[in-house]
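Below: the structure, in structure tokens.
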Amino acid sequence: MPITKTALPELTDTAIALKDLTLHPLNARAGSPDAYEADDIPVLAASIAALGLLNPLIVQKTEVDGKPAWGVLAGGRRLAAMRQLCEDKNAKGWTARAKIACRTIGDDVAAATAITVAENVTQAPMDPLDEFEAFARMMETGGHDIDSIAALFGVERRRVTERLRYGRVHPDIRRAARAKDISLDVMKAFAAHPDHGMQWAVFEATEGQYRQAWTIRDRLEKAGIKLGSGLGRYVEAEYRAADGPITADLIVEDSVLTDEALVDRLLVEKLTALAKAERARLGFAWAEGRRTADYEALRVYGRTYPSAVEPEGLMAERVTEIADRLLAIDELRDAAEANDDGTDFDALENEYEALQQEHDELTTGYGPEQLEKAGVIAHWRYDGPQVIYGLIRPEDMALAEGKATPVGATKADGAAPGPEGDADEGTAPLEVAASLAADLRTERAVVIGAGLAADPALAQDLALFKIVSDLWNAHGTRISWSMGVTATRGERPHGKPDGMDQGSTEAIAALRDGVDLTWSDGAQSVTERFERFRLLDREMKARIVGVVMAEAIAPSELAHGETLLTHVAHQVVPDMRAVWRPTGEAFFGRIKKAQLLHLLATDLKQPEEAARLATAKKVDIVDYLDRLFAAPFATLTPEQREAVETWCPPGMAIPGLRERHCIEVADTTNAVEAEIEDDDETFDIDPDEQFGVGDEDRSEEIPEPEAA
């Protein structure tokens with residue numbers, strides 16, 4: 001049987017009133033009316049309004065409800081868009097009688113079906129790269145900007161911006177995307193930096209590797225600061241005034257401030273000015289600006305909070321006015337809800353919140369004693385400046401809390417002080433400065449490392465468990481941040497490394513000398529070293545792991561998120577003082593004289609010796625304590641000897657295992673919680689707490705507090 005081909009239809013150009021057009025029953029989308037209600041119909045309408053109907057509708061005579069009409073075979077979405085324009089009061093010239101360009105077809109049903117199918121099947125979305133190039137040409141040669149392009153095509157500004165981002169990608173990288181050598185997502189990642197030279201350097205550096213968008217973007221975003229970022233906007237004016245270099249981009253906010261050192265300097269200057277302004281406004285004793293508020297540094301600060309104050313004079317009158325207005329707003333809202341009278345509830349709510357904030361500022365504040373010692377720190381957090389109020393420096397905490405008790409002749413009696421640090425300061429509880437606390441954490445890391453090195457089986461189990469657990473976790477969260485089992489040594493900064501107790505360091509060195517290192521000798525390749533390492537027996541491998549694990553322990557706050565290392569530390573170092581002692585140079589010499597006397601009299605049970613040394617120079621007290629801890633004197637009482645042999649400074653002692661206690665001794669839960677509360681005298685930063693400018697609620701997040 002011969003195949004009958006559909007003859008090419010004859011089309012006649014004409015113009016038909018919009019009101020006379022309807023969807024043809026044969027239209028391929030006639031059974032899918034939602035196609036004409038899609039979100040992009042307004043986009044099409046905007047294009048037709050701006051550019052006119054670029055393609056005539058294909059129509060054929062038909063009947064609707066027994067009445068003759070012109071049915072649209074091809075162009076149903078355009079018809080829907082023009083009907084929207086007809087209903088849009090802002091679309092000028094579009095009415096039901098507007099003449100629409102059409103092309104008519106005869107009564108051939110087969111031809112009509114072929115046209116409507118071809119119209120819908122052959123359509124393909126525009127390639128994103130083609131769309132970018134079209135938008136770029138419109139900007140470069142047509143005088144358009146992002147907003148006019150968005151309006152012309154009825155798309156969101158973000159859509160145009162995203163397409164134009166492709167323009168900052170190196171042409172050769174775009175060609176690689178067109179050739180499918182890299183994915184579109186990877187190509188887009190190169191737009192993270194506008195400099196083509198830097199893009200190409202990363203492209204070449206990753207040649208032959210499996211490129212992923214996030215790794216490309218991460219490399220490029222670390223090179224400079226975007227003008228449109230929060231930090232870029234914050235320092236832009238000062239940066240331009242200082243003639244800082246800017247790598248420009250087609251999209252202005254994506255230009256890059258390339259002198260990061262200048263950005264940091266300007267940022268600290270602005271933060272310092274902000275802190276000083278807040279200090280002057282509230283009357284604090286000191287102010288400081290920082291690039292970041294370091295977690296460990298802020299832990300040693302105390303903090304004081306505003307309390308209720310009794311306003312006087314005009315302020316008291318204003319407080320009364322605010323209270324009356326707040327009551328009136330409550331009544332207005334209740335009446336409006338009952339009557340549904342169209343009251344602007346948002347405006348009332350905004351006024352209510354503003355008045356409440358003003359009321360709080362007038363009725364709460366810091367007292368003279370608080371302001372005398374407390375201060376503010378301004379720092380950069382995420383996308384804005386943040387201010388922490390009421391901080392008390394470590395050296396001021398004892399006096400601020402009323403714990404300092406001067407005794408004997410003092411400067412107030414007219415006595416001339418000796419060398420710095422030698423004046424008779426009385427006694428004071430031990431407070432450890434931030435730098436010393438960091439050094440003690442370093443010493444504790446060395447001690448724990450020595451304990452691990454001496455127990456190779458445990459060290460090996462720990463290393464393997466750490467690696468497996470970290471890699472197994474799909475979210476990439478480490479089970480411990482203190483163990484540098486990532487092929488790097490734990491960093492251990494120390495202000496006085498030569499003065500620290502060398503016992504643990506010497507123990508590690510002795511264990512290192514006892515392992516077989518022949519597998520690593522010579523200039524062998526890595527594969528040869530690996531194969532020779534495999535030939536070692538299990539015991540020697542375990543001893544080697546133990547030694548290298550000793551280098552992996554980094555200084556940390558064991559009480560915060562380091563349950564695993566704390567657990568191990570209790571096993572390898574059951575008695576800290578049995579393997580470590582504080583020394584004069586690394587510890588006692590960095591403590592105030594008054595605190596040393598308090599330590600000697602109270603913690604070490606030697607009040608008579610403290611009284612004898614009260615008028616001595618600080619260096620003599622340091623020397624006495626250094627010798628005392630090196631070898632407890634024979635003249636000590638049993639109680640004094642026990643105190644010396646067991647005393648450990650804060651920051652060096654290994655904290656209790658709260659997790660284990662909660663599991664094994666459920667009845668001690670309240671005691672443990674009370675102990676935690678007792679530790680809150682210092683600025684113990686909880687990652688879930690903030691402090692805000694103008695909002696001193698303690699429930700906000702720390703360590704990077706909120707600002708006004």
Side-chain angles (χ1 to χ4, degrees), residues 125-146 149-150 155 157-236 239-240 242-267 291 383 476 486-488 526:
M126 194 172 184
D127 183 274
L129 280 171
D130 293 335
E131 196 170 320
F132 145 67
E133 291 175 354
F135 288 167
R137 283 195 299 272
M138 292 178 69
M139 294 186 71
E140 294 167 3
T141 63
H144 287 278
D145 59 17
I146 294 175
I149 294 175
V155 296
R157 190 179 192 277
R158 183 178 59 184
R159 162 85 172 267
V160 181
T161 301
E162 288 300 320
R163 289 295 182 263
L164 289 174
R165 287 180 189 277
Y166 301 167
R168 70 171 126 185
V169 178
H170 192 290
D172 290 341
I173 299 177
R174 291 208 304 268
R175 279 191 280 274
R178 282 194 179 278
K180 309 300 183 185
D181 293 334
I182 60 174
S183 69
L184 185 62
D185 283 341
V186 169
M187 187 212 74
K188 289 164 61 178
F190 280 97
H193 197 287
D195 184 73
H196 281 183
M198 188 162 292
Q199 292 176 16
W200 190 248
V202 173
F203 187 83
E204 289 188 318
T206 56
E207 188 70 42
Q209 302 177 16
Y210 176 64
R211 294 186 177 100
Q212 292 181 286
W214 72 269
T215 57
I216 299 296
R217 190 177 298 109
D218 183 64
R219 286 196 185 198
L220 290 168
E221 286 184 344
K222 291 177 179 177
I225 295 153
K226 288 187 178 180
L227 188 60
S229 68
L231 179 54
R233 292 192 301 270
Y234 190 66
V235 301
E236 178 184 359
Y239 188 88
R240 291 186 184 276
D243 293 326
I246 299 177
T247 302
D249 186 75
L250 179 66
I251 304 170
V252 176
E253 57 264 30
D254 289 330
S255 299
V256 172
L257 311 181
T258 52
D259 190 340
E260 296 185 55
L262 177 58
V263 170
D264 281 348
R265 178 173 67 79
L266 296 173
L267 175 62
R291 175 66 173 82
D383 244 12
T486 55
T488 58
V526 65

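Keep in mind that what you see is a predicted model, and the values were worked out from it rather than measured.
- At least one side-chain heavy atom of His196 sits less than 4.5 Å from a side-chain heavy atom of Pro171.
- Taking Asp172 as the reference, Arg175 meet the side-chain hydrogen bond (donor to acceptor under 3.5 Å, both in side chains) condition, with sequence neighbours excluded.
- The heavy-atom pair separating Ala213 from Val186 by the smallest distance is N-CG2, 3.9 Å.
- Distance CD1/Ile225 to CD1/Ile246: 11.5 Å, rounded to 0.5 Å.
- Remark: Gln199 CD to Met187 CE distance equals 9.5 Å, nearest 0.5 Å.
- Counting heavy atoms from C-beta outward, Leu231 and Leu267 have side chains that approach closer than 4.5 Å.
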Exercise for the section: Take Arg240 and Glu236 through the test side chain to side chain contact (heavy atoms under 4.5 Å, CB included) and record every step on the way to the result. Expected result: CA-CA 6 Å; Arg240 291 186 184 276; Glu236 178 184 359; 3.0 Å; yes
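- A cation-pi arrangement is absent between Arg265 and Tyr239, since the terminal nitrogen or guanidinium carbon is not both under 6.0 Å from the aromatic centre and inside a 45° cone about the axis.
- Atom-to-atom distance recorded for Asp259:CG and Asp243:CG is 11.5 Å, nearest 0.5 angstrom.
- Side chain of Arg211 to backbone of Ile216: no donor-acceptor contact under 3.5 angstrom is found.
- In this structure a side-chain-to-backbone donor-acceptor pair under 3.5 Å is missing from Thr206 to Gln209.
- How far CD1 of Ile173 is from CG of Asp181: 12.0 Å, rounded to the nearest 0.5 Å.
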